[in-house]
*Asks:* 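Okay, handing you the structure first.
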Amino acid sequence: MAGHSKFKNIMHRKGAQDKKRSAMFSKLSREITVAAKMGAPDPDMNPRLRLAVNNAKAQSMPKDNIQRAIDKASKGDAENYEEIRYEGYGPGGVALIVEALTDNRNRTATNVRTAFAKNGGNLGASGAVSHGFERKGLIEYPAGAGDEEKVLEAAIEAGADDVESAEDGHSVWTDMEVLHEVAGALEKVLGEAESVKLAWKPNLTVEVAEGDAQTLFKLIDALDDDDDVQTVWGNYDVSDEVMAKLG
């Protein structure tokens, strides 16, 4: 159990989607609808739906929007979304995993391939990079939830695997099978999490230089801007110095 790690940039930068609130709500709604369609429309009976609803609430998505997304699935008038994972390499040899929900596989594949090609990346075949990641549960807390020691102690008690603390918050990693149990135990001590989700955690990270980092973030932003793309994961580590230069 580690209490601190310098690597905090494994996901696309926090705040990138905050600037595009309506687009973010659209993606959250899509995940809620898909989750409700795949299982029961009751979050208490459907772990995936519970995750989706909790993440929507954490982003201050209105209750009416959440309910509409659930109702859309139960009424049977929802589009048939397909889950697709794309894998490839970005600038500096960074490995990227792109998770999408789409009702048009060809459109999404073209858009993702174009984003990689225009921003110094290469889209690979399925399995090209995922062998370098672990599928884990990720629970995120803001810095205000507690100091490093408090969060680490709570995580150990809850049965988590690892904690990474930085100035902007805490990332608690768990086995995916016990994500809900650990999240529930943490909530009793630290309050409601910022997000609870399944994630791709890299086994090794790649230090990215300033020039490559700038192009890499352009690629990630281009992928984020696509309505079909839900999440972008990567094994990059950008130093505080480089992040400061990039603004």
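Only heavy atoms go into these numbers, but all of them, side chains included; no hydrogens, no water, no symmetry mates. Because the structure is a prediction, the values reported are computed rather than measured.
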*Asks:* Quick one, Val182 and Ile139 - any side-chain contact, counting heavy atoms below 4.5 Å?
*Replies:*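 Contact flag for Val182/Ile139 side chains = yes.
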*Asks:* Rounded at 0.5 Å granularity, tell me how far CD in Gln214 sits from CG in Asp212.
*Replies:*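 CG of Asp212 is found 10.5 Å from CD of Gln214.
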*Asks:* Within this structure, what is the OG-CD distance for the pair Ser171 and Glu164, rounded to the nearest 0.5 Å?
*Replies:*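 Interatomic distance, Ser171 OG to Glu164 CD, rounded to 0.5 Å: 6.0 Å.
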*Asks:* Which heavy atom in Glu87 sits nearest to a heavy atom in Ala128, and how many Å separate them?
*Replies:*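 Residues Glu87 and Ala128, closest heavy atoms: OE1-N, 3.0 Å.
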*Asks:* Roughly how far apart are Asn65 CG and Ser60 OG, rounded to 0.5 Å?
*Replies:*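 Taking CG in Asn65 and OG in Ser60, the distance rounds to 11.5 Å.
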*Asks:* Could you walk me through whether Gln59 and Ser195 pass the side-chain contact (heavy atoms from CB on, under 4.5 Å) check?
*Replies:* CA-CA 9 Å; Gln59 296 298 334; Ser195 74; 5.7 Å; no
*Asks:* Looking at residues at least two apart in the chain, or sitting in another chain, which of them share a salt bridge (charged side-chain N to carboxylate O under 4.0 Å, His left out) with Arg107?
*Replies:*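 Arg107 satisfies salt bridge (charged side-chain N to carboxylate O under 4.0 Å, His left out) with Asp103, Asp228 only.
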*Asks:* Would you say Trp200 and Arg85 make side-chain contact, with heavy atoms under 4.5 Å?
*Replies:*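 A side-chain contact under 4.5 Å exists here.
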*Asks:* Does the pair Tyr236 and Leu216 meet the rule for a side-chain contact (heavy atoms from CB on, under 4.5 Å), with working shown?
*Replies:* CA-CA 9 Å; Tyr236 54 93; Leu216 173 65; 3.7 Å; yes
*Asks:* Report the residues that fulfil side-chain contact (heavy atoms from CB on, under 4.5 Å) with Phe116, sequence neighbours left out, ordered by chain and then residue number.
*Replies:*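 Partners of Phe116 by the side-chain contact (heavy atoms from CB on, under 4.5 Å) criterion, ordered by chain and then number, come out as Leu96, Val98, Val112, Leu123, Leu219, Leu223.
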*Asks:* Between Tyr141 and Gly191, is there a donor-acceptor pair closer than 3.5 Å when you use the side chain of the first and the backbone of the second?
*Replies:*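 Yes; at least one donor-acceptor contact below 3.5 Å.
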*Asks:* Ignoring hydrogens and angles, tell me if any N or O in the side chain of Asp237 forms a donor-acceptor pair with the backbone of Thr205 under 3.5 Å.
*Replies:*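 No: the side chain of Asp237 does not pair with the backbone of Thr205.
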*Asks:* State, with a plain yes or no, whether a side-chain heavy atom of Asp64 is found less than 4.5 Å away from one of Gln67.
*Replies:*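 A side-chain contact is absent here, since even the closest heavy-atom pair is not under 4.5 Å.
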*Asks:* In Å and rounded to the nearest 0.5 Å, what is the OG1 to CE distance from Thr174 to Met176?
*Replies:*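 Result: 9.5 Å between the selected atoms.
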*Asks:* Do Glu140 and Val172 come within less than 4.5 Å of each other through their side chains, counting heavy atoms only?
*Replies:*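 No, too far: nothing below the 4.5 Å cut-off.
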*Asks:* Locate the shortest heavy-atom distance separating Ala193 from Ala58; write the atom from each residue and the value.
*Replies:*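 Where Ala193 meets Ala58 most closely, the heavy atoms are O-CB, 4.2 Å.
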*Asks:* Step by step, work out the side-chain contact (heavy atoms from CB on, under 4.5 Å) result for Asn235 and Val94.
*Replies:* CA-CA 6 Å; Asn235 68 345; Val94 167; 3.5 Å; yes
*Asks:* For a quick test of reading the model, state the closest non-hydrogen atom pair linking Gly88 to Val129 and the distance between them.
*Replies:*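 That closest heavy-atom pairing would be O-CG1, 3.6 Å.
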*Asks:* Do Lys136 and Trp173 come close enough that some side-chain heavy atom pair is under 4.5 Å?
*Replies:*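 The answer is yes, as the side chains (C-beta and beyond) meet within the 4.5 Å cut-off.
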*Asks:* Do you know which of Arg30, Lys197, Arg135 makes salt bridge (charged side-chain N to carboxylate O under 4.0 Å, His left out) with Glu99?
*Replies:*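 Answer after filtering Arg30, Lys197, Arg135: Arg135.
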*Asks:* Could you check if a side-chain atom of Glu82 sits within less than 4.5 angstrom of a side-chain atom of Leu101, using non-hydrogen atoms only?
*Replies:*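 Sidechains of Leu101 and Glu82: no contact.
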*Asks:* How close do Ala213 and Val208 get, heavy atom to heavy atom, and via which atoms?
*Replies:*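 Between these two residues, the closest heavy atoms are N-CG1, 3.4 Å.
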*Asks:* Answer yes or no: is there a side-chain heavy-atom contact under 4.5 Å between Thr102 and Ile84?
*Replies:*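 Yes, side chains in contact.
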*Asks:* Is any side-chain heavy atom of Tyr86 closer than 4.5 Å to one of Ser126?
*Replies:*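 A side-chain contact under 4.5 Å is absent here.
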*Asks:* Sequence neighbours excluded and cut-off under 3.5 Å, please list the side-chain donor-acceptor pairs for residues 39-53, or say none.
*Replies:*
from: Asp42; atom 1: OD1; to: Asp44; atom 2: N; distance (Å): 3.0
from: Asn46; atom 1: OD1; to: Arg48; atom 2: N; distance (Å): 3.2
from: Asn46; atom 1: OD1; to: Leu49; atom 2: N; distance (Å): 3.1
from: Asn46; atom 1: ND2; to: Ala35; atom 2: O; distance (Å): 2.9
from: Asn46; atom 1: ND2; to: Ala40; atom 2: O; distance (Å): 2.9
from: Arg48; atom 1: NE; to: Glu31; atom 2: OE2; distance (Å): 2.8
from: Arg48; atom 1: NH1; to: Glu83; atom 2: OE1; distance (Å): 3.2
from: Arg48; atom 1: NH1; to: Glu83; atom 2: OE2; distance (Å): 3.1
from: Arg48; atom 1: NH2; to: Glu31; atom 2: OE1; distance (Å): 3.1
from: Arg48; atom 1: NH2; to: Glu31; atom 2: OE2; distance (Å): 3.4
from: Arg48; atom 1: NH2; to: Glu83; atom 2: OE2; distance (Å): 2.9
from: Arg50; atom 1: NH1; to: Pro43; atom 2: O; distance (Å): 3.0

*Asks:* Measure the CD-CD distance between Glu157 and Glu153 for me, rounded to the nearest 0.5 Å.
*Replies:*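 With rounding to 0.5 Å, CD (Glu157) is 6.5 Å from CD (Glu153).
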*Asks:* Can you give me the closest heavy-atom contact between Thr108 and Ala100, atom names plus distance?
*Replies:*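 Heavy atoms only, the tightest pair is CG2-CB, 4.1 Å.
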*Asks:* Return the NZ to CG distance between Lys201 and Asp161, rounded to the nearest 0.5 Å.
*Replies:*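 Lys201 atom NZ to Asp161 atom CG measures 7.5 Å (nearest 0.5 Å).
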*Asks:* Give a yes or no answer on whether the side chain of His170 reaches the backbone of Leu152 with a donor-acceptor pair at less than 3.5 Å.
*Replies:*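 No; judged by distance alone, with no hydrogens or angles, the pair does not exist.
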*Asks:* Where do Leu198 and Leu179 land on the side-chain contact (heavy atoms from CB on, under 4.5 Å) test, with the steps shown first?
*Replies:* CA-CA 8 Å; Leu198 291 175; Leu179 174 60; 4.1 Å; yes
*Asks:* Determine yes or no for a side-chain-to-main-chain donor-acceptor pair under 3.5 angstrom, with Glu148 supplying the side chain and Ser165 the backbone.
*Replies:*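 No; judged by distance alone, with no hydrogens or angles, the pair does not exist.
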*Asks:* Output yes when a side-chain donor or acceptor of Asn119 lies under 3.5 Å from a complementary backbone atom of Thr215, and no otherwise.
*Replies:*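 Not a single qualifying donor-acceptor pair exists.
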*Asks:* Hey, is the main chain of Val196 close enough, under 3.5 Å, to the side chain of Asn54 for a donor-acceptor pair?
*Replies:*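 Not at all, since once roles are kept as given, no pair shorter than 3.5 Å links the two residues.
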*Asks:* Provide the closest heavy-atom pair for Gly234 versus Pro202 in the form atom of the first, atom of the second, distance.
*Replies:*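 Looks like O-CG, 4.0 Å.
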